[in-house]
> 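Before I ask anything, here is the structure I am working with.
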Amino acid sequence: MRKDLRLGLCSGRQWRVEFDRSGGLWRVRSVGVKEGEETEFVCRWLVVATGENAEAVVPEIEGREEFEGPIVHTSSYKNGGVFGGKRVLVVGCGNSGMEVCLDLCNNNASPSLVVRDTVHVLPQEMLGKSTFGLSMWLLKWLPMNLVDRFLLVASRIFLGDTARLGLDRPRLGPLELKNLSGKTPVLDIGTLAKIKSGDIKVCPSIQRLTRYTVEFVNGCKENFDAIILATGYKSNVPSWLKESEMFSEKDGLPRRPFPNGWKGEYGLYAVGFTKRGLLGASIDARRIAEDIERCWKADAKHLAAFTRSLSP
Ligand SMILES: NC(=O)C1=CN([C@@H]2O[C@H](COP(=O)(O)OP(=O)(O)OC[C@H]3O[C@@H](n4cnc5c(N)ncnc54)[C@H](OP(=O)(O)O)[C@@H]3O)[C@@H](O)[C@H]2O)C=CC1
Ligand SMILES: O=C(O)C(=O)Cc1c[nH]c2ccccc12
């Protein structure tokens, strides 16, 4: 590795980042550590890449304090071993919720899954090829709505009618929906088969909790030993970046809509906050690299002119 590239191994540490106007530089400081153990990085350009999944989204649920069993978010879920023999309610049917349900089944727990909205479930692989890779490849040649039609026909063939299992599909196709709303399709790795066999039960939204019971919005009541919140993640940029121009306090995402959210002021950039997955991140990354290269070359030119002006 080149000597001028430094790796800040900083997991578990908290950071605070501020622009130092007097020096025209960004200061990245570790906070909450003992005196003498602080670290500071100083830089001209700062690329924020902490993503849309930086911290857990934990919804408010009526009666949460009353419920006797554990309520944990997927961010602290390791494996289903501790839930063996237990009735577990998994809230949220994104990729996390679906995979956790399958893992619970494989550990002899009895999971139920809360599905409150429509969802696109696609097979993870088709004839040995990854659906994601195949989609990205097809997008090179075909418009998005055609790729979506292909994905839906293939899903019907490989997975059957998901609506019959309580998983209605959105009106928009999977890629168009991802593009417009950021909602990621679920890639099935065996959960659907467990729903079909009755090993996983599909439930509506939670109305309220009592000591041992979950009451659903359709009035049904059921006892559970534990609840796992597979309710997703959010950006946490405003908690550590002391700057409020570029990032919204509300959702921690760039204020300017796609494709203009990548650049802020004073050498500040953002990569991977477009809700467009890897494709979005790669668009940001190219633009940022080009912009920094342009600034770098302009600086070098000024510096050369300045040096020349000093020489006799
Ligand atoms: N193997 C893989 O590729 C995996 C990929 N991932 C990725 O990680 C990212 C995060 O995934 P994930 O953790 O699943 O989060 P997501 O945001 O993708 O999914 C969260 C789910 O929870 C639901 N939800 C949120 N709040 C509530 C509530 N109060 N009541 C009921 N349902 C609720 C949402 O429903 P609604 O849509 O109605 O808001 C949504 O279905 C995604 O990009 C995902 O694709 C995650 C796991 C595995
Ligand atoms: O997360 C990405 O990089 C995306 O662009 C969307 C996406 C996630 N999982 C998929 C599976 C099939 C097609 C698109 C996606």
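Nothing fancy with the numbering, it's 1 onward along the sequence.
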> Is the shortest distance from a Lys or Arg side-chain nitrogen in R27 or E18 to a carboxylate oxygen in the other one below 4.0 Å?
no
> Decide whether V114 and V88 are clustered together by the hydrophobic rule: side chain heavy atoms of Ile, Leu, Val, Met, Phe, Trp, Tyr closer than 4.5 Å, transitively.
no
> Can you measure from CG (L134) to CG (L139) and round to the nearest 0.5 angstrom?
10.0 Å
> Please determine whether a side-chain nitrogen of the Lys or Arg among K297 and E293 lies less than 4.0 Å from a carboxylate oxygen of the Asp or Glu.
yes
> Decide whether W15 and M246 are clustered together by the hydrophobic rule: side chain heavy atoms of Ile, Leu, Val, Met, Phe, Trp, Tyr closer than 4.5 Å, transitively.
yes
> Compare all side-chain heavy atoms of L151 with those of M126 and state whether any distance is below 4.5 angstrom.
yes
> Indicate yes or no for a side-chain donor-acceptor contact from T231 to the backbone of G92 under 3.5 Å, with no hydrogens or angles considered.
no
> Is it true that, when you exclude R286 itself, more than 12 heavy atoms of the residues, nucleotides or ligands shown sit nearer than 6.0 Å to its CZ?
no
> Which heavy atom of C203 sits nearest to which heavy atom of S112, and what is that distance?
SG-CB, 3.7 Å
> Return yes if some donor-acceptor pair links the side-chain N/O of E38 with the main-chain N/O of G36 below 3.5 Å, else return no.
yes
> Examine distances only and state if a side-chain atom of W26 and a backbone atom of F41 form a donor-acceptor pair shorter than 3.5 Å.
no
> Under the criterion side-chain contact (heavy atoms from CB on, under 4.5 Å), I'd like the reasoning laid out for V217 against Q207: C-alpha separation, chi angles, the key distance, then a yes or no.
CA-CA 5 Å; V217 288; Q207 182 70 47; 3.4 Å; yes
> Is any NZ, NE, NH1 or NH2 atom of the basic residue among R87 and E222 found under 4.0 Å from an Asp or Glu carboxylate oxygen of the other?
no
> Are L89 and F216 close enough that some pair of their side-chain heavy atoms sits under 4.5 Å apart?
yes
> With a 6.0 Å cut-off (strictly less than), is the heavy-atom count around NZ of K221, excluding the residue itself, greater than 12?
no
> About how many Å separate CG of D188 and CD of E125, when rounded to the nearest 0.5 Å?
11.5 Å
> How long is the gap from CG on L146 to CE on M144, to the nearest 0.5 Å?
11.5 Å
> Checking side-chain contact (heavy atoms from CB on, under 4.5 Å) against T74, which of V90, V91, I228 comes through?
I228
> For G277 and K178, work out which heavy atoms get closest and say how close.
N-CE, 3.7 Å
> Where do M136 and L279 land on the side-chain contact (heavy atoms from CB on, under 4.5 Å) test, with the steps shown first?
CA-CA 9 Å; M136 295 302 132; L279 208 61; 4.2 Å; yes
> Closest approach of C105 and I200, non-hydrogen atoms and distance?
SG-CG1, 3.5 Å
> Looking at S30 and T39, would you say the former's side chain and the latter's main chain have a donor-acceptor pair under 3.5 Å?
yes
> Using 0.5 Å steps for rounding, measure from the CD atom of E176 to the CZ atom of R171.
10.0 Å
> Mind running side-chain contact (heavy atoms from CB on, under 4.5 Å) on L253 and E52 for me, showing each step along the way?
CA-CA 8 Å; L253 302 177; E52 298 154 352; 4.2 Å; yes
> Checking W262 against T274 for the side-chain contact (heavy atoms from CB on, under 4.5 Å) test, could you report, in this order, the C-alpha distance in whole Å, the side-chain angles of both residues, the deciding distance, and whether it holds?
CA-CA 9 Å; W262 59 280; T274 64; over 6 Å; no
> Decide yes or no for V186 and T191: does some side-chain heavy atom of the first lie under 4.5 Å from some side-chain heavy atom of the second?
no
> Looking only at non-hydrogen atoms, find the nearest pair between A270 and P254 and report the distance.
CB-CG, 4.1 Å
> With a cutoff of under 4.5 Å between side-chain heavy atoms, which Ile, Leu, Val, Met, Phe, Trp and Tyr residues group with I157?
V153
> Out of curiosity, N53 CG to N236 CG, how far, rounded to the nearest 0.5 Å?
10.5 Å
> Would you say NZ of K183 has more than 12 non-hydrogen atoms from neighbouring residues, nucleotides or ligands within 6.0 angstrom?
yes
> Would you say the side chains of R287 and Y269 form a donor-acceptor pair under 3.5 Å?
no
> Taking A109's backbone N and O only, do any of them form a donor-acceptor pair with N107's side chain (distance below 3.5 Å, no angle check)?
no
> What orientation do H73 and Y233 show, parallel under 30°, tilted 30 to 60°, or perpendicular over 60°?
perpendicular
> Are side-chain heavy atoms of T50 and V48 found at a separation under 4.5 Å?
yes
> For F158 versus P123, what's the shortest heavy-atom pair and its separation?
CB-CG, 4.1 Å
> Please confirm whether the backbone N or O of G272 pairs with a side-chain atom of D284, one donor and one acceptor, at under 3.5 Å?
yes
> Determine whether P174 and L152 make a side-chain contact, defined as any pair of heavy atoms from C-beta on separated by less than 4.5 Å.
yes
> Should V42 and V33 be regarded as members of a common hydrophobic cluster, given that ILVMFWY residues are connected when their side-chain heavy atoms come within less than 4.5 Å of each other, either directly or indirectly?
no
> Considering non-hydrogen atoms only, spot the tightest contact between C93 and V119 and give its length.
O-CG2, 3.9 Å
> With a 6.0 Å cut-off (strictly less than), is the heavy-atom count around NZ of K275, excluding the residue itself, greater than 12?
no
> Tell me, do L209 and I71 make a side-chain contact under 4.5 Å, heavy atoms counted?
yes
> Is there a donor-acceptor contact under 3.5 Å from the side chain of H120 to the main chain of T184?
no
> Give a yes or no on whether the backbone of T131 and the side-chain of Q124 come within a donor-acceptor separation of less than 3.5 Å.
no
> Are the side chain of N95 and the backbone N or O of P185 linked by a donor-acceptor pair below 3.5 Å?
yes
> Are V28 and I292 connected in a single hydrophobic cluster, I mean Ile/Leu/Val/Met/Phe/Trp/Tyr linked by side-chain heavy atoms less than 4.5 Å apart?
no
> So, do F19 and L268 sit near enough that their side-chain heavy atoms are less than 4.5 Å apart?
no
> Between the main-chain N or O of L175 and the side-chain N or O of D148, is there a donor-acceptor pair closer than 3.5 Å?
yes
> How long is the gap from OG on S205 to CD1 on I61, to the nearest 0.5 Å?
10.0 Å
> Taking the side chain as C-beta and beyond, is there a heavy-atom pair between L167 and I195 under 4.5 Å?
yes
> Is it the case that one hydrophobic cluster holds both V202 and L165, taking links as side-chain heavy atoms less than 4.5 Å apart, direct or via other members?
yes
